[in-house]
Amino acid sequence: MEFFNNRLSWALPVFLASLCLLLLNNNGVQASHNVYMHYQSLSAVNVKQVHRTGFHFQPKKHWINGSFFQISISLSATSSSFLYFTHSIFFNLAILLNLSPLFILTGPMYYKGVYHLFYQYNPKGAVWGNIVWAHSVSTDLINWIPLEPAIYPSKPFDQYGCWSGSATILPGNKPIILYTGIVDPKPAQTQVQNYAVPANYSDPYLREWIKPDNNPLVVAKNGENSTAFRDPTTAWWVNGHWRILVGSRRKHRGMAYLYRSRDFMKWTKAKHPLHSSAKTGMWECPDFFPVSKQDATGLDTSVVGENVKHVLKVSLDVTRFEYYTLGTYFPKIDRYVPDNTSVDGWAGLRYDYGNFYASKTFFDAGKNRRILWGWANESDTADEDVQKGWAGIQLIPRSLWLDTSGKQLLQWPIEELETLRGEKVQLNNVKLNKGDYTEVKGIPAAQADVEVTFSFPSLDKVEPFDPSWESIDAQKLCSLKGSTVQGGVGPFGLLTLASEKLEEYTPVFFRIFKAQDKHRVLMCSDATTSSLKDGLYKPSYAGYVDVDLADKKLSLRSLIDHSVVESFGAGGKTVISSRVYPTLAVFDDAHLYAFNNGTETVTVETLDAWSMKKPLMN
Ligand code: DQQ
């Protein structure tokens, strides 16, 4: 139930969330997205260009939604029978000897990898419906070539829908997909877990997929709610068994059921879910993976042990945002315990405090990194999406690793994005007194990558943090303390997608407060003033930044792309993405400024801004 859908005013979501809880109470059937029957199969006549993205992934037209997965497999012909033969032997040996086959999956098999993006797609219209697994391939995660859909409803075990899932690379470099099939018509929407395998392993593009007749592999039983039972994870291998999670809920309790298998075909449900959390509602798209305690190197999903922490991320269907915890995974008892520094619930840490949902990570063995990829829905209405002929984008893939504090993750746009950088302009040492703003000229500001470091001489002028604000979230505080509300140190930052006379702009900024024992840094990406158009969802997205201010500097990177502003604060500690629809600040009429509305003078130490080229986009 995409109740929030980022399209409604704040009052309506509150009402709808209550309704949702009521439905859950009544054991109401859970769909997954808003359903507009009359629009579902209305093919786009025109595709409106004005707010389409230049370098963020999107198909040529129609609706996409998240829950993608990506795999990289060897493009080279080295999957020779010799390698395959030895890998199979190792795999069987590993099972016999109770060893992880993990090491078999690494190494040269990822030489010259191809990235596969599978995404939930409506081939017939610009709203959710008729969902298939569309398929695009890339060698750099930036330029994409479309292929035919990989999976679509055709068998009794998925004839009413092919919903989200994940891929696992089995030993011998053999990808296998697990996905949710819908087996009866609305409104029941009974969900089962199926698998699909490539028809031809020697085709590096894996164009054709087979859904064998022994599907489904996993069905709900013994009190599980079969209408809230979906989105199987990538499998991990430990102690002689594969494991997967399936997202679900029991009444209001969100949970990740755990299943085990020796052969990937016969799955047994573990007695306890891997983890669950009270009053969080349906958990969609769970994701569970290790991160290194030592450095930023990514790890294969099966790595366990002393040197890693685990991450459990869930997508909350009730509010349509995600949170993650960091914790310890105990493979022997198959339990995951979040650290006591990691809030497990609504106030948990988020990858992105803006429009970001149904994300997935995958291990990119070619570059030894873990990559996070999320979906951003539209913030306009379904009617407008139908007129535009499209809805939904993918944000930029991000590298993800553990912060040295061990208390949060860090994210940064993948390095390949920099290949799109074109002309560059710079500002150095520009002082901004209270009320000053300075234009960054010389690049098209509607499609740009901007990196800036601000400094301030002291923290003496910071505003006090009112203790009553502890009970409101960052977003609410940002709506009270917007970019035009004068502060002490801050608000300062960028005015993105701004019209020349500032009738429209999306400010991305910091504001520093002094709480009793420490400073609190608020980062906002505020859509309130982003468009003169009414009827759009224009939230003041915000999150706190847990950063050491000893050097009296704060950095910001914003990826600006026509209708999306994706911003990374303090080197990726806090990330916020906004979808916006300017009417004046479009194409060459978009401007970019740096600003300060605090009484303390702020210096733009360095600002580098690049125009961004268009990649090959489907
Ligand atoms: N969308 C899919 C579901 C998933 C949700 C259906 C996430 O499988 O739970 O399109 O947006």
His116/Tyr205 aromatic ring centres below 6.0 Å
no
Glu208 (side chain) donor-acceptor with Leu206 (main chain) under 3.5 angstrom:
no
Could you state the interatomic distance from CG (Asn355) to OH (Tyr541), rounded to the nearest 0.5 Å?
4.5 Å
Look at the side chain of Gln120 and the backbone N and O of Cys162, then say whether any donor-acceptor pair between them is shorter than 3.5 Å.
yes
Answer yes or no: is there a side-chain heavy-atom contact under 4.5 Å between Glu439 and Glu500?
no
For the backbone of Gly482 and the side chain of Arg511, can you confirm whether one donor and one acceptor N or O come within less than 3.5 Å of each other?
yes
List the steps and the verdict of side-chain contact (heavy atoms from CB on, under 4.5 Å) for Thr180 and Asp231.
CA-CA 6 Å; Thr180 298; Asp231 308 341; 4.1 Å; yes
Using modelled atom types and a 3.5 Å cut-off, is there a donor and acceptor pairing between side-chain atoms of Ser379 and backbone atoms of Val580?
no
Determine yes or no for a side-chain-to-main-chain donor-acceptor pair under 3.5 angstrom, with Lys360 supplying the side chain and Asp287 the backbone.
no
Taking the six-membered ring of Tyr152 as reference, does the NZ or CZ atom of Lys211 fall below 6.0 Å from its centre and within a 45° cone about the axis?
yes
Taking atom types as modelled, find out whether Arg370 and Thr301 have a side-chain donor-acceptor pair closer than 3.5 angstrom.
yes
Which pair of non-hydrogen atoms, one from Ala358 and one from Lys313, has the smallest distance, and what is that distance?
C-NZ, 4.4 Å
Does CD belonging to Glu148 count more than 12 external heavy atoms closer than 6.0 Å?
no
Can a side-chain donor-acceptor contact be found between Tyr115 and Asp364 if the only test is distance below 3.5 angstrom?
yes
Non-hydrogen atoms of Val132 and Pro153 that approach each other most closely
CG1-CD, 4.2 Å
Within 45 degrees of the axis of the six-membered ring of Phe356 and under 6.0 Å from its centre: does Arg350 put its NZ or CZ there?
no
Within the structure provided, determine whether Val547 and Leu554 are in side-chain contact (heavy-atom separation under 4.5 Å).
yes
Electrostatic pair Arg421-Asp608, nearest N-O below 4.0 angstrom
no
Asp158 and Tyr179: side chain donor to acceptor below 3.5 Å
yes
Tell me, do Thr280 and Val314 make a side-chain contact under 4.5 Å, heavy atoms counted?
no
Tell me, with the steps shown, if Tyr36 and Trp63 meet ring pair (Phe, Tyr, Trp, His ring centres under 6.0 Å).
CA-CA 12 Å; Tyr36 303 94; Trp63 164 276; 8.8 Å; no
Please find the pair of heavy atoms, one from Phe509 and one from Cys478, that lie closest to each other, and give the distance.
CZ-SG, 4.1 Å
Quick one: list whatever passes side-chain contact (heavy atoms from CB on, under 4.5 Å) with Leu349, sequence neighbours left out.
Tyr324, Tyr353, Gln408
Does a donor on one side chain and an acceptor on the other come within less than 3.5 Å for Glu566 and His56?
yes
About how many Å separate CH2 of Trp412 and CD1 of Ile396, when rounded to the nearest 0.5 Å?
13.0 Å
Main-chain N/O of Leu395 paired with Trp373 side-chain donor or acceptor, under 3.5 Å:
yes
Sole candidate of Tyr119, Trp375, Tyr121 that passes ring pair (Phe, Tyr, Trp, His ring centres under 6.0 Å) when paired with Phe57
Tyr119
Side chains of Glu378 and Tyr581 in contact at under 4.5 Å (non-hydrogen atoms)
yes
In the structure I gave you, are the side-chain heavy atoms of Ile142 and Leu417 within less than 4.5 Å of one another anywhere?
yes
d(Tyr357 OH, Glu284 CD) to nearest 0.5 Å is 3.5 Å
Testing the basics here: between Trp390 and Lys48, what is the closest heavy-atom pair and its distance to 0.1 Å?
NE1-O, 3.0 Å
For the OG1 atom of Thr583 and the NE2 atom of His51, what is their distance to the nearest 0.5 Å?
7.5 Å
Lys/Arg-Asp/Glu bridge criterion (N-O < 4.0 Å) met for Lys533, Glu504:
no
When you measure from the side chain of Gln58 to the backbone of Arg52, do you find a donor-acceptor pair of N or O atoms at a distance under 3.5 Å?
no
Is there a side-chain contact between Glu451 and Trp610, using heavy atoms and a 4.5 Å cut-off?
yes
Looking at side-chain heavy atoms only, is the closest gap between Val452 and Val604 below 4.5 Å?
yes
Taking Ala126's backbone N and O only, do any of them form a donor-acceptor pair with Asp385's side chain (distance below 3.5 Å, no angle check)?
no
Considering only NZ, NE, NH1 and NH2 on the basic side and carboxylate oxygens on the acidic side, decide whether Asp473 and Lys476 come within less than 4.0 Å.
no
Donor-acceptor side-chain pairing of Ser525 and Ser578 below 3.5 angstrom:
yes
Any side-chain donor near an acceptor of the partner, Thr381 and Glu384, under 3.5 Å
yes
Write down the atom of Ser399, the atom of Arg369, and the distance for their closest heavy-atom approach.
OG-CD, 4.1 Å
Stepwise side-chain contact (heavy atoms from CB on, under 4.5 Å) test for Phe510 and Val602:
CA-CA 11 Å; Phe510 298 109; Val602 165; over 6 Å; no
Asp317 and Arg230 ion-paired at < 4.0 Å:
yes
Step by step, work out the side-chain contact (heavy atoms from CB on, under 4.5 Å) result for Thr53 and Met617.
CA-CA 10 Å; Thr53 53; Met617 189 53 75; over 6 Å; no
Is it the case that atom NZ in Lys124 sees more than 12 heavy atoms from other parts of the structure closer than 6.0 Å?
no
Polar side chain donor-acceptor pair, Ser315 to Glu322, under 3.5 angstrom
yes
If we count only N and O atoms by modelled type, under 3.5 Å, do the side chains of Lys538 and Ser531 hold a donor and an acceptor together?
no
With sequence neighbours excluded, residues passing ring-ring contact (aromatic ring centres under 6.0 Å, His included) with Tyr593:
Tyr437
How close do Ser567 and Leu556 get, heavy atom to heavy atom, and via which atoms?
CB-CD1, 4.1 Å
Interatomic distance, CG@Leu420 vs CD@Gln447, rounded to 0.5 Å, equals 9.0 Å
Looking at Thr529, is its backbone amide N or carbonyl O close enough to the side chain of Asp526 to form a donor-acceptor pair, meaning the two atoms are under 3.5 Å apart?
no
Hey, does the side chain of Ser166 reach the backbone of Pro232 with a donor-acceptor pair shorter than 3.5 angstrom?
yes
Residue from Thr438, Leu497, Val425, Ile560 passing side chain to side chain contact (heavy atoms under 4.5 Å, CB included) with Leu592:
Ile560
Under the side-chain contact (heavy atoms from CB on, under 4.5 Å) criterion, do Phe321 and Trp346 qualify, and how do the steps go?
CA-CA 9 Å; Phe321 70 73; Trp346 297 103; 3.7 Å; yes
For a quick check under 3.5 Å, do Asn130 and Asn122 share a side-chain donor-acceptor pair by atom type?
yes
Step through the shown structure and confirm whether more than 12 heavy atoms of other residues, nucleotides or ligands are within 6.0 Å of CG on Asp588.
no
Could you measure the distance from the CD1 atom of Ile169 to the CD1 atom of Ile176? Nearest 0.5 Å is fine.
10.5 Å
